[in-house]
Amino acid sequence: MTHAPATAPTTEATGADIRVRFCPSPTGTPHVGMVRTALYNWAHARRHGGTLIFRIEDTDAARDSEESYHQLLDAMRWLGIDWDEGVEVGGPDGPYRQSQRREIYADVIAKLKDAGVIYESFSTPEEITERHRAAGRDPQLGYDGFDRDLTEEQKAAFRAEGRLPVWRLRMPDDDITFEDMVRGEITFKAGSTPDFVVVRGNGQPLYTLVNPVDDALMGVTHVLRGEDLLSSTPRQIALYRALIEVGVATAIPRFGHLPYVLGEGNKKLSKRDPESNLFNYRDQGFLPEGMVNYLALLGWGYSADQDVFTREQMVERFDASDVNPNPAHVDFKKATAINADHMRLLDPVEFTERMVPYLQKAGVVSDPITEHEHALLAAATPLVQPRMNLLGEAPDMLRFLFIDDADLTIAEDALKKMGEDPAAVVDRAITEVEAISEDDFAAARLEEALRAAIVEDMGIKPRLAFGPLRSAISGRRISPPLFESMELLGRDSSLARLRAGREVFAGLA
RNA sequence: GCCCCCAUCGUCUAGCGGCCCAGGACACUGGCCUUUCACGCCGGCGACACGGGUUCGAAUCCCGUUGGGGGUACCA
């Protein structure tokens, strides 16, 4: 019986020699926990000038989909998480989709068989449970090692019964200890991890085998992954020892287990949860900068008193040992607030461009956007940039600027709390605006004239004086600043809307 | 059952033995600013799960309890 060396070396790679990977299964839509893992791996690689490998673990044909694969690419590109080797870009250790690496696994499996570190197992789950029961052991215990030392005659007898054996890895009988990058030293007691299956009865390898094999073949030095895989680490380390023995690997990577990302309460973020779907955030108008920042905050902080930071700042400081081991809960409001700060930070010219797709999707501007629409949007940018939290707010905020005067309707809530006689207020405003020439039609001039006439002369409070005007101009209770909006609309349009508004208000009384 | 992880304001966290009767952010809330809504500014509310140790001294180290979570598959 062969024993893998109990003192296999752990990698000592640092700096540019660091190689990390992100290796999702293409099932479903990318969710925030998964993307956070990608981000941390990326930050770890960039911080040290190392390499990020992007591999796809599509060994489960029943659940994997090509659509999901493309969504993964889309997510990575949207967030600006670039990789050095992997799918789409290639690299020295390809192919990078496990579905295309069958022969490679077959080769490694053969080596493991030859070395005797994996063995054939014919036991059925029922038999294992029954043996535990018969021996007075807890029947819930895992595999009991029954087939470890079967003779050739016994194996032949099982085969004669038509049984297809699986192949299991011989677990070492020592405690397995490793230094987790985020949690420190962790020890799994000897005997707590049963010999596990690495090859199915049909000859196909399992995740438990291909994941470490690919990591070894690709020279991965640091494995940053979800906490759900913490318990499988002793198995991986044992397999690594075997891989080192057969010459497939040279050292065990360092592991780091990232905390869970939870939803409301203490439940795991389920795939159905809208908060778990990355694209949901994009649809609502999150900036990739804001999303990256928020994702980073799910377990890591830039400094004690600053939680808004750029991708570059994250790269400057990210360190796996600073990752907090406790689970994080997603907080949409906090995420929105972080995004809002990034909205303010954006260059106005850039901000304008970012709004365009959202406005097009809502039908506010044409696709492609016309020159006139673009100019108007650029002019409106300074008005809305400081007051938006998500790009998705742009359509409601700006629609009134892009529609024909005749198409403007006044929303119901914009007809309330108008004061005693909104029609009279609007009427007076029309008189004042008519007195302003096309050349003088600017926000400051408008405010001066309207304030003097309505607030001072008519004695109406600013709130009640400008409310009706806002409703008439924008059709909404909430809008960009009134006078600036009028300036953007121009004299003719402003007057047309005020006149229409006057009729509506008169009809209310 | 067995194995493993986690434990500071509602939430994300700072804290790695004295700087902490615990700091920041979001949320909530009072006020200021004000052409609405925001932004911005000032203030408030609000936490070291519990019990033992170790120490001159513990949120920080150790043990236990409790409470969460995960694993224990021929899923990944």
Side-chain angles (χ1 to χ4, degrees), chain A residues 23-27 57-60 62-64 98 121 124-125 137-143 164-168 180 182-183 186-189 191-194 196-208 210-211 226-235 257 259-260 262 264-268 294 297-301 303-308 324-338 340-341 343-344 384-389 393 397 414 417 443 446-447 450-451 454-455 462-463 465-467 469-471 474 476-485:
Chain A
C23 51
S25 293
T27 58
E57 308 222 324
D58 52 352
T59 54
D60 186 349
R63 291 167 52 200
D64 300 327
Q98 291 184 330
S121 171
T124 64
R137 290 189 299 259
D138 181 351
Q140 291 188 82
L141 248 31
Y143 177 66
L164 284 176
V166 296
W167 290 79
R168 294 181 184 270
D180 191 280
V182 340
R183 286 153 214 272
I186 297 173
T187 298
F188 285 81
K189 280 189 197 152
S192 63
T193 309
F196 60 99
V197 177
V198 290
V199 182
R200 291 184 169 103
N202 64 8
Q204 292 304 310
L206 253 46
Y207 162 82
T208 46
V210 300
N211 177 275
E227 185 185 339
D228 50 330
L229 292 166
L230 180 55
S231 305
S232 70
T233 307
R235 297 200 297 247
H257 292 91
Y260 280 100
L262 307 176
E264 293 290 317
N266 242 346
K267 40 182 204 276
K268 246 177 104 177
Y294 183 66
L297 250 17
L298 257 21
W300 182 78
S303 77
D305 54 9
Q306 180 185 340
D307 56 13
V308 173
N324 195 305
N326 23 324
H329 294 76
V330 288
D331 180 347
F332 192 78
K333 283 185 175 162
K334 171 93 174 186
T336 303
I338 294 290
D341 281 315
M343 297 273 272
R344 317 262 125 74
V384 296
Q385 187 170 4
R387 67 190 62 226
M388 276 169 49
N389 296 322
E393 294 163 11
M397 196 77 100
K417 297 179 182 172
L446 285 163
E447 175 170 9
L450 293 170
R451 193 176 285 281
I454 307 172
V455 178
R463 174 181 291 264
F466 304 125
L469 304 189
R470 172 183 314 285
S471 294
S474 71
R476 296 172 52 85
R477 190 176 64 81
I478 298 167
S479 81
L482 175 63
F483 310 115
E484 288 79 356
S485 296

Whether the A/Thr193 and A/Arg235 side chains hold a donor-acceptor pair (N or O, under 3.5 Å, no angle test) is what I'd like checked. no

Between A/Asn326 and B/C12, does any side-chain N or O lie under 4.0 Å from OP1 or OP2? no

With A/Arg168, which residues qualify under side chain to side chain donor-acceptor pair (under 3.5 Å), at least two apart? A/Ser121

A/Asn324 vs B/A7: side-chain N/O to OP1/OP2 distance below 4.0 Å: no

Just jot down the side chain to side chain donor-acceptor pair (under 3.5 Å) partners of A/Glu57, sequence neighbours excluded, or say none. A/Arg55, A/Gln98, A/Asn211

Got a sec, which residues hit salt bridge (charged side-chain N to carboxylate O under 4.0 Å, His left out) with A/Arg63, two or more places apart in sequence or on another chain? A/Asp60

Quote, to the nearest angstrom, the C1' distance that separates B/A47 from B/U35. 42 Å

Salt bridge (charged side-chain N to carboxylate O under 4.0 Å, His left out) filter on A/Asp331, not counting sequence neighbours, yields none

Report each atom pair, protein N/O against N/O of nucleotides 74-76 of chain B, whose distance is under 3.5 angstrom.
from  : atom 1 : to       : atom 2 : distance (Å)
B/C74 : O2     : A/Gly201 : N      : 3.0
B/C75 : OP2    : A/Arg200 : NE     : 2.8
B/C75 : OP2    : A/Arg200 : NH2    : 2.8
B/C75 : O2'    : A/Asp60  : OD2    : 2.9
B/C75 : O2'    : A/Arg63  : NH1    : 2.9
B/A76 : OP1    : A/Thr59  : OG1    : 3.3
B/A76 : OP1    : A/Arg200 : NH2    : 3.4
B/A76 : OP2    : A/Tyr207 : N      : 3.1
B/A76 : O3'    : A/Ser25  : OG     : 2.8
B/A76 : O3'    : A/Glu57  : O      : 3.4
B/A76 : O2'    : A/Ser25  : OG     : 2.3

In chain order, what residues pass the ring-ring contact (aromatic ring centres under 6.0 Å, His included) check against A/Phe332, with sequence neighbours excluded? A/Tyr281, A/Phe286

To the side chain of A/Arg477, which of B/C12, B/U36, B/C39 is closest? B/U36

Enumerate the protein-to-nucleotides 24-35 of chain B contacts in which both atoms are nitrogen or oxygen and the separation is below 3.5 Å.
from  : atom 1 : to       : atom 2 : distance (Å)
B/A25 : O2'    : A/Asp307 : OD2    : 2.9
B/A25 : O2'    : A/Lys334 : NZ     : 2.9
B/A25 : N3     : A/Lys334 : NZ     : 3.1
B/C26 : O2'    : A/Lys334 : N      : 3.3
B/U35 : OP1    : A/Arg451 : NH2    : 2.2
B/U35 : O2'    : A/Arg470 : NH2    : 2.8
B/U35 : O2     : A/Leu482 : N      : 3.0
B/U35 : O4     : A/Glu484 : OE2    : 3.4

What's touching nucleotides 60-66 of chain B from the protein side, N or O pairs under 3.5 Å?
none

Restricting to ring-ring contact (aromatic ring centres under 6.0 Å, His included), what partner residues turn up for A/Tyr294, sequence neighbours left out? none

Using the test salt bridge (charged side-chain N to carboxylate O under 4.0 Å, His left out), find all partners of A/Asp307 that sit at least two apart in sequence or belong to another chain. A/Lys334

Who passes side chain to side chain donor-acceptor pair (under 3.5 Å) against A/Arg463, sequence neighbours left out? none

Going by the rule side chain to side chain donor-acceptor pair (under 3.5 Å), which residues pair with A/Arg477 if we only count those two or more places apart in sequence or in a different chain? none

